[in-house]
Each structure stands twice: as structure tokens, then as C-alpha cells.
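Below: the structure, in C-alpha cells.
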Amino acid sequence: YALCGYADVLMDQGQFDRAIGVYDTAVTLYPDDPVASNGIVGVLMAKKDFTAALLQSRKTAERFGDIVSQTILGSVLRHMGRYDESVRVMEAAVQKASSEARVWTGLLRSLRYAGRLEQALAKSSEFIERFSEYPSPYLMRGELLRGVGRLDESLDCYAKALKQFPNHRP
């Protein structure tokens with residue numbers, strides 16, 4: 001993972017081509033690990049080369065079939081404005097790994113951007129039930145409620161998060 005860390009710093013410095021080169025080396029050295037392949041997607045997203053990021057993320061998700069790669073694919077689709085596709089990918093991810101909070105967050109964001117706010121709100125209740133020990137479900141529900149103009153309920157969600165998780169920092 002030192003190679004990936006090195007590539008991440010290069011990306012942070014805006015040295016995108018060098019970062020991709022380092023990630024390519026990591027992919028060659030560790031062909032059975034999706035981390036470097038997903039790192040390439042991150043660099044391509046940072047470069048705003050969304051078409052290449054989509055191709056790389058599809059390839060990675062198909063090759064490895066892991067939840068992280070699938071979630072990244074859903075995120076790339078969402079960033080490209082392909083919201084319905086993103087929802088389908090994220091719904092499949094939730095079916096595969098319903099115990100992963102980040103997958104639920106990705107699904108709710110995809111539903112929101114697809115304009116399916118009521119469906120997102122319904123799912124957010126289930127998200128809270130499953131992950132009540134974390135602040136993210138409350139924060140996500142508060143965000144969704146705010147989006148549909150239910151401001152008092154949104155404030156209640158944020159207040160619950162503040163009360164239950166006073167030391168949480170984003």
C-alpha cells in the first residue's frame with residue numbers, strides 16, 4: 001500500500017499522469033487487489049476525465065466484484081449525471097452488502113440526485129434502523145428532509161445527531 005499512498009500524494013500535488021503510472025505499477029505487482037485499480041479511478045475523477053473514470057470503474061467492478069469497486073462505480077455514474085444507472089448499481093450493492101453503511105449512503109445520494117426523494121426518505125428510515133449507532137444516517141436523513149422542504153423534521157434529525165454524537169466531526 002506504500003505505492004498507493006505515494007500515488008495519492010502525487011494526485012494531491014496535481015501530478016495526475018505520474019500518479020496513474022504509480023498505480024499502474026501497483027496493479028502489475030498486485031493484480032488480485034482492487035485498491036490500485038480503484039485509485040486510478042480516483043485520479044481520473046480528480047482530472048475530471050469522467051469518461052475514462054467510468055471505463056476504469058466498470059472494468060474494476062466487473063473484474064473484482066467487490067463492494068468498494070461497485071460503490072465507486074455508482075459514485076462515478078452519479079458524478080456524470082447518470083443517476084438512474086447509479087441507483088441500479090447502488091441498489092445491487094445494498095443487496096450484496098446491506099451491512100455496509102457507506103453503500104447505503106451511496107444509494108440515498110443516488111436516489112436524491114435521480115429526483116426520487118420520497119424513495120430516498122423511505123430508505124433513510126431503514127438506514128437509521130440498521131446503523132443507529134452512527135451519525136451518518138441521521139445526517140443523511142436531515143439532508144433529504146431539507147431537500148423536500150420539511151425543515152422542522154430536518155432540524156430534528158440534526159439535533160438527534162448532535163445529541164447522540166456530540167463529538168462527531170465531518
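The analysis underlying the following values was restricted to heavy atoms, covering all of them including side chains, and did not include hydrogens, waters or symmetry mates. This is a predicted model, so every value here is computed, not measured.
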Can you tell me how far CE of M11 sits from NZ of K47, rounded to the nearest 0.5 angstrom?
12.5 Å

Would you find more than 12 non-hydrogen atoms of other residues, nucleotides or ligands less than 6.0 Å from F64 atom CZ?
yes

Inter-residue atom distance R82.CZ - R88.CZ, 0.5 Å rounding:
9.5 Å

The reported gap from CG in D156 to CZ in R150 (rounded to nearest 0.5 angstrom) is 11.0 Å

Mind checking whether L155 and L151 sit in one hydrophobic cluster, side chains of I, L, V, M, F, W, Y counted as touching below 4.5 Å?
no

If you look at every heavy atom in P137 and I128, which pair is closest and at what distance?
CB-CG1, 3.6 Å

Using 0.5 Å steps for rounding, measure from the CZ atom of R18 to the CG atom of L10.
5.0 Å

Heavy atoms only: give me the nearest V35-C4 pair and the separation to one decimal.
CG1-SG, 3.9 Å

Salt bridge flag under 4.0 Å for residues E85 and R58
yes

How close do S110 and S86 get, heavy atom to heavy atom, and via which atoms?
OG-OG, 2.5 Å

Side chain of W104, backbone of V94: donor and acceptor closer than 3.5 Å?
no

Quick check on the hydrophobic clustering: are M45 and V68 connected, directly or via other members, by side-chain heavy-atom contacts under 4.5 Å?
yes

What's the spacing between E100 CD and Q70 CD if we round to 0.5 Å?
11.5 Å

Could you check F127 against L108 for side-chain contact (heavy atoms from CB on, under 4.5 Å), going step by step and ending with a plain yes or no?
CA-CA 9 Å; F127 187 29; L108 294 176; 3.4 Å; yes

Can you get from L44 to V22 by hopping between Ile, Leu, Val, Met, Phe, Trp and Tyr side chains that sit under 4.5 Å apart?
no

Do the side chains of L54 and Y23 join up, straight or via other hydrophobic residues, at under 4.5 Å, putting them in one cluster?
no

State, to 0.1 Å, how close A97 and I67 come at their nearest heavy-atom pair, and which atoms those are.
CB-CG1, 3.4 Å

Count the heavy atoms belonging to other residues, nucleotides or ligands that lie under 6.0 Å from CG of D12, then report whether that count exceeds 12.
yes

Show me the pairs that pass side-chain hydrogen bond (donor to acceptor under 3.5 Å, both in side chains) and involve residues 26-44, at least two apart or across chains.
Y1-D33, N38-S69

For F165 and Y138, take the angle between the two ring planes, folded into 0 to 90°, and tell me which bin it lands in: parallel under 30, tilted 30 to 60, perpendicular over 60.
tilted

If we only count heavy atoms from C-beta on, is the L117 to L111 side-chain gap below 4.5 Å?
no

Is there side-chain contact between T60 and I72, with heavy atoms separated by less than 4.5 Å?
no

Under 3.5 Å side-chain donor-acceptor pair for S154 and R146:
no

Step by step, would you call L121 with E118 a side-chain contact (heavy atoms from CB on, under 4.5 Å)?
CA-CA 5 Å; L121 278 169; E118 290 304 322; 4.1 Å; yes

Distance-minimising heavy-atom pair for T71 and R102:
CG2-O, 4.4 Å

Which atom of V87 lies closest to which atom of A114, heavy atoms considered
CG2-CB, 4.0 Å

Using side-chain heavy atoms (C-beta onward) and a distance below 4.5 Å, is D84 in contact with R116?
yes

To the nearest 0.5 Å, what is the distance between OG (S57) and NE2 (H79)?
11.5 Å

Given side chains that start at C-beta, do those of S98 and R130 come closer than 4.5 Å, heavy atoms only?
yes

Before giving the answer on side-chain contact (heavy atoms from CB on, under 4.5 Å), spell out for C157 and L139 the whole-Å C-alpha distance, their side-chain angles and the decisive distance to 0.1 Å.
CA-CA 7 Å; C157 274; L139 300 174; over 6 Å; no

Relative to each other, are the rings of F131 and Y134 parallel, tilted or perpendicular (30° and 60° limits)?
tilted

Derivation of the side-chain contact (heavy atoms from CB on, under 4.5 Å) call for M140 and S124:
CA-CA 7 Å; M140 191 73 217; S124 73; 5.6 Å; no

